[in-house]
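First the structure, in the form of structure tokens, and then the observations on it.
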Amino acid sequence: MQTLAPQTPPAPRPTASWRQQALQVLCLAEPAAKVAATHALFAAAQAQPAGLPDPFDTTTALQPDPASRLPGRPPKPVLLAPMQVPHRSPFTPEGLAALVHAVCHIEFNAINLALDAVWRFPGMPPAFYSDWLRVADEEATHFGLLHTHLQSLGHTYGDFPAHDGLWEMCIKTQDDITARMALVPRTLEARGLDATPLIQARLRKVNTPAALRAIEILDVILRDEIGHVAVGNRWYGWLCAQQGLEPLAHYRALARQHNAPRLKPPFNDAARRAAGFTQAELDALENPEAV
């Protein structure tokens with residue numbers, strides 16, 4: 001008698017689409033819970049068998065629960081205007097912890113930004129949502145690395161004030177996916193490509209084991225952030241092509257419309273090229289008035 005090998009049952013479809021679940025994770029306030037749920041959501045979406053009809057539910061416009069805070073975040077850190085956030089020297093233990101905390105805050109916001117892109121904008125190809133779930137997963141990893149290091153310095157997330165510039169741009173672009181791709185990953189997050197080597201240079205001067213560990217973590221973040229900015233570049237280009245827009249000219253119009261920050265040198269041209277910026281875009285950064 002022939003014995004059949006046991007069959008692995010197919011993974012069930014989620015009762016809520018991956019986009020709906022991304023919204024639920026976005027509303028989680030406790031950082032550790034948000035990190036764990038982000039990793040779990042990405043892993044579940046990756047394990048979804050191919051061929052199932054639209055597990056992202058790409059066509060449905062979703063609405064958050066009015067009782068939910070968007071995004072979910074803990075009571076601290078206290079959020080100040082960017083110019084009011086104190087500057088501390090990384091050459092002191094407190095100052096180094098404050099620097100690690102500042103980057104930790106950026107990465108927590110980056111989890112929220114990626115999850116927001118997944119749930120907020122219907123009608124995109126499934127690859128768009130897969131890309132941003134992967135970005136959210138990697139941002140959650142970055143937060144975990146930084147928070148573990150911050151705890152080793154005697155602090156935790158929320159111990160220092162921070163600002164809300166990243167999420168403010170998220171709100172400004174909530175009704176325009178093209179503006180979101182232009183001004184969040186391609187502008188605000190791309191600033192990290194420029195800033196990270198400068199931060200690492202300062203930390204090398206500190207030259208303590210804690211500072212050197214921070215440099216190692218920033219190496220991981222910079223590597224991954226090139227990919228994240230590339231995702232923004234790819235989908236911004238796709239959206240411009242769909243709408244018959246010239247990318248550089250439309251970017252300038254969006255930056256003016258939404259009062260995007262003026263980017264200042266030095267620029268990390270190598271990282272920006274790796275992330276998909278064209279030479280014309282790099283030239284425009286160096287001489288914005290001439291474009």
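Just so you know, these numbers come straight off a predicted model, no measurement behind them.
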(request) Measure the CG-CZ distance between Leu263 and Arg186 for me, rounded to the nearest 0.5 Å. (result) 10.5 Å
(request) For Pro122 and Thr60, work out which heavy atoms get closest and say how close. (result) CB-O, 3.6 Å
(message) With a 4.5 Å cut-off on side-chain heavy atoms, are Leu166 and Asn112 touching?
(response) no
(message) Keeping His163 on the side-chain end and Gly165 on the backbone end, is there a donor-acceptor pair under 3.5 Å?
(response) yes
(request) Working to the nearest 0.5 Å, report the span between CG of Asp269 and CG of Leu285. (result) 8.0 Å
(message) Is it the case that the side chain of Asp164 and the backbone of Leu79 share a donor-acceptor pair, with hydrogens and angles ignored and the cut-off at 3.5 Å?
(response) no
(message) Grouping I, L, V, M, F, W and Y whenever their side-chain heavy atoms are under 4.5 Å apart, do Phe267 and Ile199 come out in a common cluster?
(response) no
(message) Side chains of Pro266 and Leu198, heavy atoms from C-beta outward: is any pair under 4.5 Å?
(response) yes
(request) Keeping the roles fixed (side chain from Ser152, backbone from His149), state whether a donor-acceptor pair exists under 3.5 Å. (result) yes
(request) Return yes if a side-chain donor-acceptor contact under 3.5 Å exists between Asn259 and Lys172, otherwise no. (result) no
(message) Is there a continuous path of hydrophobic side-chain contacts, each under 4.5 Å between heavy atoms, that joins Tyr157 to Leu99?
(response) no
(message) I want to check something: taking the side chain as every heavy atom from C-beta on, are Arg120 and Thr173 in contact at a cut-off of under 4.5 Å?
(response) no
(request) Grab the two heavy atoms, one from Cys27 and one from Leu70, that are nearest each other, plus how far apart they are. (result) SG-CD1, 3.9 Å
(request) Measure the shortest side-chain to side-chain distance between Val231 and Arg234 over non-hydrogen atoms and say whether it is less than 4.5 angstrom. (result) yes
(request) Decide whether Gln200 and Asp219 meet the rule of one side-chain donor and one side-chain acceptor closer than 3.5 Å. (result) yes
(request) Give a yes or no on whether a salt bridge exists between Arg272 and Glu281, defined as a side-chain N under 4.0 angstrom from a carboxylate O. (result) no
(message) Is the positively charged end of Arg19 above the ring of Phe56, judged by distance under 6.0 angstrom from the centroid and angle within 45° of the axis?
(response) no
(message) So, taking the atom named CZ in Phe121 and the one named CZ in Phe128, what distance separates them when rounded to the nearest 0.5 Å?
(response) 6.5 Å
(request) Could you tell me which non-hydrogen atom of Gly232 sits nearest to which non-hydrogen atom of Pro185, and how far apart they are? (result) CA-CG, 3.6 Å
(request) Determine whether the side chains of Arg273 and Gln279 contain a donor N or O and an acceptor N or O closer than 3.5 Å. (result) yes
(request) Specify the closest pair of heavy atoms between Ile221 and Glu107, including all atoms of both residues, with the distance to one decimal. (result) CG2-OE2, 3.8 Å
(request) Provide the closest heavy-atom pair for Gln48 versus Trp18 in the form atom of the first, atom of the second, distance. (result) OE1-CZ2, 2.9 Å
(request) Report whether Val78 and Phe160 are members of the same hydrophobic cluster (ILVMFWY, side-chain heavy atoms less than 4.5 Å apart, transitive linking). (result) no
(request) For side chain to side chain contact (heavy atoms under 4.5 Å, CB included), just list the numbers for Ile111 and Leu115, CA-CA rounded to whole Å, side-chain angles, deciding distance to a tenth of an Å, and then say yes or no. (result) CA-CA 6 Å; Ile111 301 170; Leu115 292 170; 3.8 Å; yes
(request) State whether a side-chain donor-acceptor pair under 3.5 Å links Thr156 with His147. (result) yes
(message) Is any side-chain heavy atom of Ile217 closer than 4.5 Å to one of Val220?
(response) no
(message) Can a donor-acceptor pair be found, under 3.5 Å and without considering hydrogens, that links the side chain of Glu189 to the backbone of Glu225?
(response) no
(request) Would you mind reporting whether Ser17 and Pro55 have side-chain heavy atoms less than 4.5 Å apart? (result) no
(message) Using modelled atom types and a 3.5 Å cut-off, is there a donor and acceptor pairing between side-chain atoms of Lys34 and backbone atoms of Gly72?
(response) yes
(request) Take Asp283 and Glu286, measure what side chain to side chain contact (heavy atoms under 4.5 Å, CB included) needs, and give me the verdict at the end. (result) CA-CA 5 Å; Asp283 293 342; Glu286 296 288 354; 5.8 Å; no
(request) Flag yes if Ile171 and Val184 sit in one hydrophobic cluster, no otherwise; membership is Ile, Leu, Val, Met, Phe, Trp, Tyr, and two members link when side-chain heavy atoms are under 4.5 Å apart. (result) yes
(request) Decide yes or no for Leu188 and Leu183: does some side-chain heavy atom of the first lie under 4.5 Å from some side-chain heavy atom of the second? (result) no
(request) Measure the spacing between CG of Leu239 and CG of Leu245 and express it to the nearest 0.5 Å. (result) 9.0 Å
(request) For Thr187 and Ala182, work out which heavy atoms get closest and say how close. (result) OG1-O, 2.9 Å
(message) Could you check whether Arg180 pairs with Asp116 (Lys NZ or Arg NE/NH1/NH2 to Asp/Glu carboxylate O, under 4.0 Å)?
(response) yes
(request) Considering only NZ, NE, NH1 and NH2 on the basic side and carboxylate oxygens on the acidic side, decide whether Glu138 and Arg134 come within less than 4.0 Å. (result) yes
(message) Please tell me whether Leu23 and Trp167 are part of a single hydrophobic cluster in this structure, the criterion being side-chain heavy atoms less than 4.5 Å apart.
(response) yes
(request) Evaluate side chain to side chain contact (heavy atoms under 4.5 Å, CB included) for Asp159 paired with Leu150, printing each intermediate quantity in order. (result) CA-CA 10 Å; Asp159 282 358; Leu150 184 64; over 6 Å; no
(message) For the CG atom of Leu133 and the CG atom of Asp137, what is their distance to the nearest 0.5 Å?
(response) 8.5 Å
(request) Quick one: pull up CG in Asp57 and CH2 in Trp119 and give me the separation to the nearest 0.5 Å. (result) 13.0 Å
(message) Between Asp224 and His228, do the side chains contain a donor N or O and an acceptor N or O under 3.5 Å apart?
(response) no
(request) Give me the ring orientation class for His101 and His105: parallel if the planes are under 30° apart, tilted from 30 to 60°, perpendicular past 60°. (result) parallel
(request) State whether the side chain of Thr148 and the backbone N or O of Gly144 hold a donor-acceptor pair below 3.5 Å, judged by distance alone. (result) yes
(request) Assess the side chains of Asp131 and Trp235: does a donor N or O sit below 3.5 Å from an acceptor N or O? (result) yes
(message) Students often mix this up, so state it plainly: with edges at 30° and 60°, are the rings of Phe143 and Phe108 parallel, tilted or perpendicular?
(response) tilted
(request) Test side chain to side chain contact (heavy atoms under 4.5 Å, CB included) on Val118 and Leu26 and set out the steps. (result) CA-CA 10 Å; Val118 174; Leu26 177 63; over 6 Å; no
(request) For the residue pair Leu254 and Met181, establish whether any side-chain heavy-atom pair is separated by less than 4.5 Å. (result) no
